[in-house]
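Provided herewith is a single structure, encoded as structure tokens, for subsequent inquiry.
Order of listing sets the numbers, starting from 1, for every ligand and every atom in it. Just so you know, residue 1 is the first one in the sequence shown, and it goes up from there.
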Amino acid sequence: MHGVWLLRIIFNLHFVFAFSQAGFGPHPLPDLYEASITELQAGLARRDFTSFDLVQAYIARIDEVNQKGPSFRAVLEINRNALKDALVADAERLLGLSNGPLHGIPVLLKDNIATFASEGMNTTAGSFALEGSVPPRDATVTAKLRRAGAIILGKANLSEWAHFRGNLASGWSGRGGQCTSAFFPNADPSGSSSGSAVAASIGLAAVTLGSETDGSIISPSSKNNLVGIKPTVGLTSRAGGTSIIPISSNQDTVGPLVRSVADAAIVLSAIAGRDPRDAFTLAQPARVPDYTRALQQGALRGARIGVPRTSISGRVSAPIAAAFESALDTLRGLGAVIVDPADLPSAAEMRASGNESIVLDTDFKVEVAQYMAGLTRVPTGVRTLADLITFNSAHPDLELPPPFFNSQSTFIQAEATTGKTSPAYLAALAANHDLGRTRGIDAALQTFNLSALVLPSSAVRARVIVRPPDAFAFAVPLGFLPDDTPVSQANPTIASAPGLPFGLAFMGTAFSEFALIGLAFDFEQATHVRTQRRAFAAAVPKTQLADVIGNRPGKGLRAK
Ligand SMILES: *[C@@H]1O[C@H](CO)[C@@H](O)[C@H](O)[C@H]1NC(C)=O
Ligand SMILES: *[C@@H]1O[C@H](CO)[C@@H](O)[C@H](O)[C@H]1NC(C)=O
Ligand SMILES: *[C@@H]1O[C@H](CO)[C@@H](O)[C@H](O)[C@H]1NC(C)=O
Ligand SMILES: CC(=O)N[C@H]1CO[C@H](CO)[C@@H](O)[C@@H]1O
């Protein structure tokens with residue numbers, strides 16, 4: 001379908017299109033730092049700008065800050081087909097073939113989400129061990145985005161191996177280097193979906209996707225002033241090349257990191273759904289709801305929301321605790337019934353439990369080998385977890401640079417596991433479901449008759465709330481560390497500093513996404529925390545649509 005003749009027709013159509021553009025009519029062009037999918041679609045529909053313009057602008061914005069200036073290292077690779085794909089999307093729109101809210105919208109993918117190799121991008125989880133490896137096809141979520149008309153703009157940096165290698169800094173990968181936050185120079189971007197989060201936070205793409213096994217969407221979205229959805233495991237497919245590069249089929253899930261609840265609902269509607277290649281997805285209801293229909297103000301009125309106090313107390317800093325209490329007042333003001341405390345019966349046992357790491361270690365060893373076995377080609381020859389450990393030891397310059405000499409501890413611990421039939425594994429898996437769901441989240445929801453739990457995002461972490469595969473979590477911006485916050489020592493990034501964002505998390509039972517999107521939307525619309533503070537001045541890219549409109553295909557980029 002991408003024959004040369006077709007491209008020529010598309011180029012010509014684009015040319016006609018360019019001259020029929022309404023240009024700078026009564027509608028101001030959206031600021032790409034903040035632009036929502038809906039605003040971009042409106043501008044595309046009015047022909048104020050094209051998808052080609054959008055891709056040019058985002059590439060120029062990436063160029064300004066990714067390696068130059070603040071050097072965020074948020075983006076690993078740009079899709080060399082993105083401009084061409086944008087031309088196709090523009091032609092389709094002109095021919096009335098636009099198919100929904102993501103049509104022509106540029107999206108960045110975390111580098112553990114597969115894209116078909118002949119397009120030119122790598123899928124490596126940030127590791128040189130997988131450089132040049134060839135996945136047989138797009139991950140299912142990638143294919144779904146393309147079918148919805150989205151443009152795959154590139155791959156985002158991440159904590160290498162989704163932070164499952166050992167003692168590495170969040171946001172560091174061998175291939176991408178150290179990603180840092182846009183809210184304070186050299187600050188920890190959190191992870192492992194670090195590059196996705198930093199890119200979304202300053203508008204290097206309209207939308208980014210990340211993945212979570214234990215905090216990797218909720219934490220970076222919160223710490224980068226974003227909305228993030230960690231879907232119930234099995235709502236979004238992990239299948240692809242053979243899968244997204246896995247940690248654990250029991251806990252991995254793919255979700256959006258975006259600037260608004262509305263954008264999250266649009267993206268989730270496009271990527272959710274059953275997939276015969278991922279058995280976990282068959283547990284979800286047959287029909288994917290249109291999550292945008294949950295975007296109703298008033299959803300909080302009468303909603304019963306619980307506060308798991310013992311999981312929060314003593315675990316968050318004073319400014320976050322204060323912002324959380326005032327968020328509870330906001331929720332009450334919007335008509336919610338706050339049930340406080342609404343503790344998880346298993347809270348103390350969760351804290352003492354080592355079950356999660358048994359499951360993740362065991363799954364990773366088996367599943368990463370399955371992933372590599374499914375690759376069409378692996379130039380480095382790695383096939384097993386043992387090979388990955390050897391590869392890193394043999395290439396310390398690439399994979400073990402200072403200060404990360406001893407940074408394979410999780411790999412080594414996982415290598416010692418004995419497979420998915422071991423009694424210890426089966427017991428740990430059962431314990432996770434029991435602690436996380438049966439005597440955890442679901443017990444609290446049922447006992448107190450709640451639709452959701454609410455807590456500071458920074459309290460949603462291992463051994464506080466076990467990451468239950470059967471639950472779903474949602475982060476929205478809650479506040480920023482105050483200006484008198486002491487700047488912590490960089491090691492290698494700064495953990496705490498003035499202006500660093502933090503978030504509020506809603507948690508619910510399996511597949512309760514629709515209801516919780518409504519609650520989060522109501523809170524967001526009443527507070528608009530995200531727009532209260534911007535990234536530091538040098539972090540904000542200057543290129544806007546106005547700078548690229550008029551650049552035509554073939555003329556090269558004229559970004560400033
Ligand atoms: C992918 O990795 C290969 C090395 O195998 C490199 O030559 C290529 O430039 C990478 N692709 C992109 C788009 O960066
Ligand atoms: C797993 O959880 C159960 C239930 O709390 C507990 O009895 C057991 O000791 C835990 N196992 C490990 C390895 O922590
Ligand atoms: C549970 O809460 C709902 C409102 O969210 C209320 O309508 C219902 O009566 C409650 N059920 C019980 C058993 O209290
Ligand atoms: C798009 C982009 O800037 N990619 C860069 C990411 O970081 C690596 C390592 O520094 C560079 O080699 C890429 O060019």
Side-chain angles (χ1 to χ4, degrees), residues 55 58-80 82 108-109 111 120-122 124 126-128 131 152-158 160 171-180 194-195 198-199 204-205 299-306 331 335-339 342 344-362 397-399 401 413 417 422-440 443-452 462-463 466 468 508 512 515-516 518-519 541:
V55 170
Y58 284 128
I59 291 176
R61 289 170 73 85
I62 292 167
D63 184 57
E64 281 184 61
V65 295
N66 200 50
Q67 304 246 71
K68 301 177 195 154
S71 187
F72 290 131
R73 299 181 182 278
V75 180
L76 260 177
E77 294 185 0
I78 299 211
N79 181 2
R80 65 184 182 205
L108 275 172
L109 305 176
D111 187 46
M121 287 188 291
N122 290 281
T124 68
S127 170
F128 282 104
E131 194 172 57
I152 307 301
L153 182 64
K155 289 290 179 71
N157 198 6
L158 70 169
E160 196 181 275
W172 184 87
S173 73
R175 288 187 64 233
Q178 181 64 57
C179 175
T180 56
S194 319
V198 172
L204 302 186
L300 281 165
R301 208 169 305 127
R304 293 173 58 85
I305 299 182
L331 292 170
V337 178
I338 300 297
V339 180
L344 279 52
S346 61
E349 277 177 76
M350 279 186 190
R351 225 165 289 145
S353 165
N355 290 295
E356 188 184 31
S357 58
I358 296 175
V359 170
L360 300 187
D361 290 350
T362 306
D397 50 325
L398 300 176
E399 290 293 348
Q413 190 179 304
T417 59
S422 98
Y425 171 78
L426 295 170
L429 190 57
N432 280 349
H433 283 265
D434 178 51
L435 293 174
R437 178 179 60 181
T438 317
R439 290 191 295 126
L445 297 178
Q446 280 155 20
T447 305
F448 301 102
N449 186 27
L450 308 170
S451 36
R463 300 207 179 190
V466 165
S512 63
L516 267 69
L519 306 182

Q.
Checking a contact table here: which protein heavy atom is nearest atom 6 (C) of ligand 4, and how many Å away?
A. V75 O, 3.5 Å

Q: Go through ligand 2 atom by atom and flag the ones less than 4.0 Å from a non-hydrogen atom of S353.
A: 14 (O)

Q) Hey, is ligand 4 close enough to E77 that some N/O pair sits below 3.5 Å? A) no

Q: Indicate yes or no for a side-chain donor-acceptor contact from E64 to the backbone of P541 under 3.5 Å, with no hydrogens or angles considered.
A: no

Q) Can you tell me if N355 uses its side chain to pair, donor with acceptor, with the backbone of N432 under 3.5 Å? A) no

(Q) At less than 4.0 angstrom from any non-hydrogen atom of R175, what atoms of ligand 4 do you find? (A) 8 (C), 9 (C)

Q) Taking the minimum heavy-atom distance to atom 1 (C) of ligand 3, which of V337, L450, N449 ranks first? A) N449

Q: Please say whether L76 places an N or O atom under 3.5 Å from an N or O atom belonging to ligand 4.
A: yes

Q | L519 side chain near S451 side chain, heavy-atom distance below 4.5 Å | A | yes

Q | E349 neighbourhood, listing ligand 2 atoms whose heavy-atom distance to it stays under 4.0 Å | A | 4 (C), 5 (O)

Q.
What I'd like to find out is whether the side chain of L153 reaches to under 4.5 Å of the side chain of I62, using heavy atoms alone.
A. yes

**Q.** Atoms of ligand 4 close to Q67 [distance to a heavy atom under 4.0 angstrom, numbered from 1]
**A.** 3 (O), 5 (C), 7 (O), 10 (O), 11 (C), 13 (C), 14 (O)

Q.
Using a 4.0 Å cut-off to any heavy atom of L435, which atoms of ligand 2 qualify?
A. 2 (O), 5 (O)

Q: Mind listing the closest non-hydrogen atom pair of V75 and L204 along with its distance?
A: CG2-CD1, 4.4 Å

**Q.** Protein residue, atom and distance nearest to atom 2 (C) of ligand 4, heavy-atom basis
**A.** N66 ND2, 3.4 Å

Q. Which atoms of ligand 2 have any heavy atom of A431 under 4.0 Å away?
A. 1 (C), 2 (O)

Q.
I need the atoms of ligand 2 closer than 4.0 Å to a non-hydrogen atom of I358, numbered in the order shown.
A. 13 (C)

Q | Is_contact(atom 4 (N) of ligand 4), protein non-hydrogen, under 4.0 Å | A | yes

Q) Any side-chain heavy-atom pair from L344 and L435 closer than 4.5 angstrom? A) no

Q | Any protein heavy atom nearer than 4.0 Å to atom 7 (O) of ligand 3 | A | no

Q) What residue and heavy atom of the protein are closest to atom 11 (N) of ligand 2, and at what distance? A) N355 OD1, 3.1 Å

Q) Heavy-atom distance under 4.5 Å between the side chains of M121 and I152, does that happen here? A) yes

Q. Does the T447 side chain pair with the main chain of A443, one donor and one acceptor, at a distance under 3.5 Å?
A. yes

Q.
Show the atoms of ligand 2 that are less than 4.0 angstrom away from any heavy atom in G354.
A. 12 (C), 14 (O)

Q: Measure across N66 and A74 and return the closest heavy-atom pair with its distance rounded to 0.1 Å.
A: OD1-N, 2.8 Å

Q. With a 3.5 Å cut-off and no angle check, do the side chains of T124 and N122 form a donor-acceptor pair?
A. no

**Q.** Proximity of R73 to ligand 4 by residue part, where a heavy atom lies under 4.0 Å
**A.** side chain

Q) Does the N157 side chain pair with the main chain of G126, one donor and one acceptor, at a distance under 3.5 Å? A) no

Q: With heavy atoms only and a cut-off of under 4.0 Å, state how D434 meets ligand 2: side chain, backbone, both or neither.
A: neither

